[in-house]
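Only one structure is covered here, and it is reproduced in the block below.
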Amino acid sequence: MGDRLPEPHASSSPAVAASSEAEEIEVLDSEDVLPMAAEDFDPDNTGYISTEKFRSLLQRHGSELDPHKLEVLLALADSNSEGRICYQDFVNLMSNKRSNSFRQAILQGNRRLCSKALLEETGLSLSQRLIRHVAYETLPREIDRKWYYDSYTCCPPPWFMITITIVEVAFFLYNGVVLDRFVLQVSHPLYLKNALLYHPQLRAQAWRYLTYIFMHAGIEHLGLNVVLQLLVGVPLEMVHGAARISFVYVAGVVAGSLAVSVADMRAPVVGSSGGVYALVSAHLANIVMNWSGMKCQFKLLRMAVALICMSFEFGRAVWLRFHPSAYPPCPHPSFMAHLGGVMVGITLGVIILRNYEQRLQDQTLWWIFLSIYVIFVLFAIFWNIFAYSLLDLKLPPPP
């Protein structure tokens with residue numbers, strides 16, 4: 001704990017603490033502030049703070065808070081008609097772990113949160129304008145946009161999407177040098193000999209269900225995937241964090257390769273389209289479901305462009321799949337990974353993007369969609385173990 005006041009964007013988990021010796025705000029974890037605040041503001045250990053004492057706290061320390069956070073706290077005080085506030089809601093707010101019931105209480109409060117919209121604020125630096133832009137690109141509620149704007153620190157940066165992109169480009173350049181081909185690498189007779197791509201004859205090598213994302217059919221395939229995952233994935237990671245976005249991405253990748261192994265059993269698969277389509281479809285679905293709240297500019301035009309790009313990439317994959325193969329009898333890579341990614345995006349992905357800083361374990365739909373995903377993965381594993389032999393399917397020879 002330091003002795004100076006925290007500056008805006010200085011901490012992602014601040015908590016308000018009252019001190020009789022010093023009139024200041026200190027940065028605390030919720031575990032540190034809980035015993036002190038419970039004793040000072042909840043002497044009877046009821047789990048609640050009276051609205052009167054809560055307002056007294058805000059009057060003494062409100063000037064030291066981020067203005068947007070103060071608006072949220074005042075809305076919390078105004079929203080409760082019973083004259084008391086749940087102490088745990090207060091702790092969760094200050095540690096960025098707001099519950100759905102708490103969000104609803106604020107939104108139904110008598111006080112308007114948006115005395116001045118974040119978009120109307122002037123005199124912002126370049127980095128502040130970038131953070132504001134990302135907030136309006138990804139979040140449908142003004143309360144969440146202001147909260148994100150005040151709490152984002154760029155530490156850590158969106159490392160996951162950037163790292164994945166760099167590795168994909170590096171592997172593509174390496175393969176381009178080895179095969180002496182950058183356009184339609186997939187048509188090279190030696191393309192399938194790479195140890196990273198998924199091949200039905202080598203499906204027992206479990207790493208291939210993930211590592212196939214580092215192989216691309218050509219520069220046209222890589223280029224569109226890289227553009228989409230940087231333009232969509234990086235802002236989403238800045239808002240929702242690496243853990244959640246990497247989960248959606250990897251879940252889409254795994255669902256993509258498993259979908260191929262179930263629905264297009266003779267085909268290999270390459271490319272990061274499963275993960276990219278999971279992120280993009282989740283983002284587009286979130287925009288549609290929150291159309292009136294999303295304030296990004298030209299959203300209809302941009303959605304149309306995104307859908308055209310995705311359709312073009314999917315059409316290219318379908319055409320390539322049925323084009324005469326360069327290494328018969330094995331066909332060209334399948335397009336089913338795209339569909340697997342979309343299914344992850346419009347289920348698990350949407351739940352994650354709709355619940356900014358909410359606990360996913362409190363969401364019923366989260367458990368439903370997660371259960372469906374787990375059942376699909378288990379089904380696909382058993383399918384890969386038993387179905388190929390039971391169906392007596394003639395697979396192409398190993399590369």
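Tyr212 and Trp207 sit in two unconnected hydrophobic clusters of ILVMFWY residues. Membership requires side-chain heavy atoms under 4.5 Å apart, directly or through other members. Both Leu395 and Tyr191 belong to a single network of hydrophobic side chains, linked directly or stepwise wherever heavy atoms of I, L, V, M, F, W or Y lie under 4.5 Å apart. Residues Leu279 and Val350 fall into different hydrophobic clusters, defined by Ile, Leu, Val, Met, Phe, Trp and Tyr side chains chained together at heavy-atom separations under 4.5 Å. Taken together through direct or relayed side-chain contacts under 4.5 Å among Ile, Leu, Val, Met, Phe, Trp and Tyr, Ile162 and Leu228 form part of one hydrophobic cluster. Linking ILVMFWY side-chain heavy atoms closer than 4.5 Å, directly or via other members, places Val227 and Val270 in two distinct hydrophobic clusters.
The CG atom of Leu353 sits 4.5 Å away from atom NE2 of His240, with the distance rounded to the nearest 0.5 Å. Annotation: the span from Thr347 atom OG1 to Ile352 atom CD1 amounts to 9.5 Å, rounded to 0.5 Å. Put simply, CG on Asn194 and CE on Met215 are 3.5 Å apart, with the number rounded to the nearest 0.5 Å. Rounded to the nearest 0.5 angstrom, Ile368 CD1 and Leu348 CG are separated by 11.5 Å. How far CD1 of Ile245 is from CD of Gln229: 12.5 Å, rounded to the nearest 0.5 Å. Atom CZ of Arg141 and atom CG of Asn290 lie 6.0 Å apart (nearest 0.5 Å).
Under a cut-off of 6.0 angstrom, the local environment of CE in Met336 is crowded, with over 12 non-hydrogen atoms contributed by other residues, nucleotides or ligands. Other residues, nucleotides and ligands contribute only 12 or fewer heavy atoms inside 6.0 Å of the CH2 atom of Trp159.
Relative ring orientation between Phe386 and Phe382 is described as parallel, the plane-to-plane angle staying below 30° on a 0-90° scale split at 30° and 60°. Note on ring orientation: taking the six-membered ring where Trp is involved, the planes of His338 and His221 are parallel (angle under 30°, cut-offs 30° and 60°).
The cationic group of Arg203 lies under 6.0 Å from the six-membered ring centre of Tyr388 and within 45° of the ring axis, placing it in a cation-pi geometry.
Between the Glu237 side chain and the Phe160 main chain, a donor and an acceptor come within less than 3.5 Å of each other. Under the 3.5 Å distance criterion, the side-chain polar atoms of Tyr327 are left unmatched by any main-chain donor or acceptor of Leu192. Checking side-chain atoms of Arg208 against main-chain N and O of Leu197 turns up a donor-acceptor pair under 3.5 Å. Judged by distance alone, with hydrogens and angles left aside, the side-chain atoms of Tyr148 form no donor-acceptor pair with the main-chain N or O of Ile131 at under 3.5 Å. Not a single donor-acceptor pair under 3.5 Å links the side chain of Lys299 to the backbone N or O of Ile287. Within the 3.5 Å criterion, the main-chain N or O of Pro396 finds a donor-acceptor partner in the side chain of Gln201. Side-chain atoms of Trp383 do not come within 3.5 Å of backbone N or O of Leu258 as any donor-acceptor pair. Although no hydrogens or angles enter the test, the distance criterion places a donor-acceptor pair under 3.5 Å between the side chain of Asn175 and the main chain of Phe171.
You'll find the side chain of Pro158 stays beyond 4.5 Å of the side chain of Pro235, heavy atoms only. No side-chain heavy atom of Phe214 sits less than 4.5 Å from a side-chain heavy atom of Tyr174. Counting heavy atoms from C-beta on, the side chains of Leu236 and Met161 never come closer than 4.5 Å. Counting heavy atoms from C-beta on, the side chains of Arg181 and Ser187 come closer than 4.5 Å. Contact annotation: the side chain of Arg302 approaches that of Glu137 to within less than 4.5 Å [non-hydrogen atoms, C-beta and beyond]. You'll find the side chain of Phe335 stays beyond 4.5 Å of the side chain of Trp319, heavy atoms only. Looking at heavy atoms from C-beta onward, Met265 lies in side-chain contact with Leu391 at the 4.5 angstrom threshold. In this structure, the side chains of Phe314 and Leu339 come closer than 4.5 Å at one or more pairs of heavy atoms.
Smallest separation of non-hydrogen atoms from Pro333 and Val186: CD-CG2, 3.3 Å. A pairwise comparison of heavy atoms in Ala242 and Ser246 identifies O-OG, 2.6 Å as the closest pair. A pairwise comparison of heavy atoms in Arg129 and Leu124 identifies NH1-O, 2.8 Å as the closest pair. The heavy-atom pair separating Val239 from Val134 by the smallest distance is CG2-CG1, 3.5 Å. Minimum heavy-atom separation, Leu224 to Cys309: CD2-O, 3.3 Å. When all heavy atoms of Gly340 and Ala255 are compared, the closest pair comes out as O-CB, 3.9 Å.
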Candidate pair Ser272 and Tyr249, rule side chain to side chain contact (heavy atoms under 4.5 Å, CB included), full reasoning: CA-CA 9 Å; Ser272 58; Tyr249 189 88; 3.3 Å; yes

CA sep, side-chain torsions, deciding dist, call: Leu360, Arg244, side chain to side chain contact (heavy atoms under 4.5 Å, CB included): CA-CA 10 Å; Leu360 295 176; Arg244 292 190 173 191; 3.6 Å; yes

Trace of the side chain to side chain contact (heavy atoms under 4.5 Å, CB included) decision for Tyr209 with Val260: CA-CA 10 Å; Tyr209 291 89; Val260 172; over 6 Å; no

Test log, rule side chain to side chain contact (heavy atoms under 4.5 Å, CB included), inputs Asp264 and Arg321: CA-CA 10 Å; Asp264 197 1; Arg321 169 63 179 84; 2.9 Å; yes

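Tyr277 and Glu313 form no side-chain donor-acceptor contact under 3.5 Å, judged by distance and modelled atom types alone. No hydrogens or angles considered: a donor-acceptor pair under 3.5 Å links the side chains of Glu142 and Tyr136.
Partner Val234 forms a side chain to side chain contact (heavy atoms under 4.5 Å, CB included) with one of Leu231, Leu230, Val232 and no other, that one being Leu230.
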